[in-house]
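As the structure is a prediction and not an experimental result, all values here were calculated from the model.
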Amino acid sequence: MTFKVLLQYILPHRALSRVVYWATRWTFVPWKNFLINTIVQRYQVNMTEAAQPDPLAYPHFNAFFTRKLRPDARKADASAAALLSPADGRISQAGPITDGRIFQAKGQDYTVAELLGDEAAASPYASGQFVTVYLSPRDYHRVHMPLRGELTETVHIPGRIFSVAPFAVEAIPRLFARNERLVCHFVGEHGPFVVVMVGAILVSSVATVWDGLVIPPYASSIRRKSFAGQNVSLDRFAEMARFNMGSTVILLLPEGAARLDGLDPQQPVQVGQKLGDLLHIC
């Protein structure tokens, strides 16, 4: 075990995340400008895509980090049958779910039931497809709908807040099934699907378009919220949520719902980009 991985086990995840949550919202100009300039320069953030291209015009670091893009900066694939990428970032892994298990990295996997916190909810995906997208600090941090769907339930699952950077994904067993996360269950024309917002260290914070800030507060037990009958319906490519600091999105589809394109690990993707083809309508 490397020292960097060891730190992931011994650091006080939630305490550090609370400090960073506050620090990234501090409006003290020299501080917020220092943070913003550091990220822009270190990660070569493309500010020409932003609705507000001046990085120092944002009132605090989190406003910069969750910045809107220009309306023409991202477009949905023109084919109505295209499964869209829900986020900017890189493919961590993608492919078939085998016997209810999702591939994480070489020598590492985890079960759908662990990820969703529910054996029954996992059953439609036991032989389905998955796509895992990693968002780095340089990326656009709003998450969009991969296809049209009606929200049926969210499940806030407590856990650790390990880093989701590639070094941690390769070294920490069942990482995505151990981190704090928000599971969003949808039903669409092609059947059920799930979008999982996985938290990460510094800061594990998630907001949705239907509920606002959901994480924090951090959970001590599983929290379910039903949206049955509330008509929370989101169009394909519509914004659904955002990460306050970087993390990972996992998309789950049932067997026969889609045929994925050849998606390779570390392949860059953007919101609206075609990930595969939807195969049937229920």
Side-chain angles (χ1 to χ4, degrees), residues 24 45-46 49-51 62-71 73-77 82-94 115-116 129-157 161 164-165 169 176 179-188 192-200 202-216 225 227 232-253 258 263 267-276:
T24 55
V45 177
N46 182 4
E49 297 180 326
N62 191 66
F64 153 77
F65 202 81
T66 59
R67 62 194 175 275
K68 289 184 178 181
L69 298 186
R70 297 193 328 262
R74 299 289 182 274
K75 294 186 182 298
D77 187 274
L83 175 70
L84 305 181
S85 174
D88 279 17
R90 291 184 178 270
I91 297 294
S92 177
Q93 297 290 340
L115 180 68
L116 303 186
Q129 303 275 340
F130 79 97
V131 180
T132 304
V133 180
Y134 164 65
L135 293 75
S136 78
R138 69 170 295 169
D139 293 314
Y140 169 61
H141 276 79
R142 300 191 182 199
V143 177
H144 291 239
M145 294 290 287
L147 64 160
R148 189 178 189 280
E150 182 173 338
L151 182 68
T152 60
E153 183 183 42
T154 60
V155 186
H156 178 184
I157 303 176
I161 317 177
V164 293
V169 173
F176 299 127
N179 270 19
E180 189 127 358
R181 56 203 179 276
L182 184 71
V183 177
C184 304
H185 290 276
F186 294 93
V187 173
F193 63 97
V194 177
V195 180
V196 183
M197 308 277 291
V198 183
L202 307 180
V203 173
S204 176
S205 182
V206 174
T208 66
V209 298
W210 56 82
D211 257 349
L213 187 66
V214 179
I215 307 173
K225 185 172 182 179
F227 289 85
V232 180
S233 184
L234 298 174
D235 287 335
R236 173 180 182 265
F237 191 58
E239 182 183 334
M240 61 164 283
R242 68 184 66 173
F243 285 114
N244 300 307
M245 301 296 283
S247 201
T248 291
V249 179
I250 303 174
L251 170 63
L252 303 183
L253 298 164
L263 303 173
Q267 174 183 333
V269 291
Q270 290 187 332
V271 166
Q273 179 179 331
K274 179 185 170 187
L275 299 179

Going by heavy atoms in the side chains, are [X] and [Y] under 4.5 Å from each other?
{"X": "Leu275", "Y": "Pro86", "answer": "yes"}
{"X": "Leu213", "Y": "Asn244", "answer": "yes"}
{"X": "Val155", "Y": "Leu116", "answer": "no"}
{"X": "Val271", "Y": "Tyr140", "answer": "yes"}
{"X": "Gln93", "Y": "Phe130", "answer": "yes"}
{"X": "Thr248", "Y": "Phe243", "answer": "no"}
{"X": "Lys225", "Y": "Asp211", "answer": "yes"}
{"X": "Met240", "Y": "Val195", "answer": "yes"}

What is the distance from atom [atom1] of [X] to atom [atom2] of [Y], rounded to the nearest 0.5 Å?
{"X": "Leu147", "Y": "Leu251", "atom1": "CG", "atom2": "CG", "result": "7.5 Å"}
{"X": "Arg142", "Y": "Leu69", "atom1": "CZ", "atom2": "CG", "result": "8.0 Å"}
{"X": "His144", "Y": "Arg242", "atom1": "NE2", "atom2": "CZ", "result": "9.5 Å"}
{"X": "Ser92", "Y": "Ile250", "atom1": "OG", "atom2": "CD1", "result": "8.0 Å"}

Any pair counted as salt bridge (charged side-chain N to carboxylate O under 4.0 Å, His left out), so long as it reaches residues 82-93, sequence neighbours left out: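 Residue pairs with at least one partner in residues 82-93: Arg74-Asp88.
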Of all heavy-atom pairs between [X] and [Y], which one has the smallest distance, and what is that distance?
{"X": "Phe193", "Y": "Pro146", "value": "CE1-CG, 4.2 Å"}
{"X": "Arg67", "Y": "Asp139", "value": "NH2-O, 4.0 Å"}
{"X": "Phe176", "Y": "Val164", "value": "CE2-CG1, 4.0 Å"}
{"X": "Asn179", "Y": "Gly199", "value": "ND2-O, 2.8 Å"}
{"X": "Lys274", "Y": "Ala82", "value": "CG-CB, 3.9 Å"}
{"X": "Ala87", "Y": "Val249", "value": "CB-CG2, 4.3 Å"}

Option passing side chain to side chain contact (heavy atoms under 4.5 Å, CB included) with Leu151 (candidates Leu234, Val209, Val232, Val187): Val232
Aromatic plane relationship, His141 with Phe65 - under 30° parallel, 30 to 60° tilted, over 60° perpendicular: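 Rings of Phe65 and His141: tilted, 30 to 60°.
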Aromatic ring pairing Trp210/Phe227, orientation class (parallel under 30°, perpendicular over 60°, tilted between): perpendicular
Arg181 side chain vs Val196 backbone, donor-acceptor pair below 3.5 Å: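 Side chain of Arg181 to backbone of Val196, a donor-acceptor pair under 3.5 Å: no, none is there.
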Any donor-acceptor pair under 3.5 Å from Ser205 side chain to Ile215 backbone: yes
Step-by-step side-chain contact (heavy atoms from CB on, under 4.5 Å) determination, Thr154 to Thr208: CA-CA 10 Å; Thr154 60; Thr208 66; 6.0 Å; no
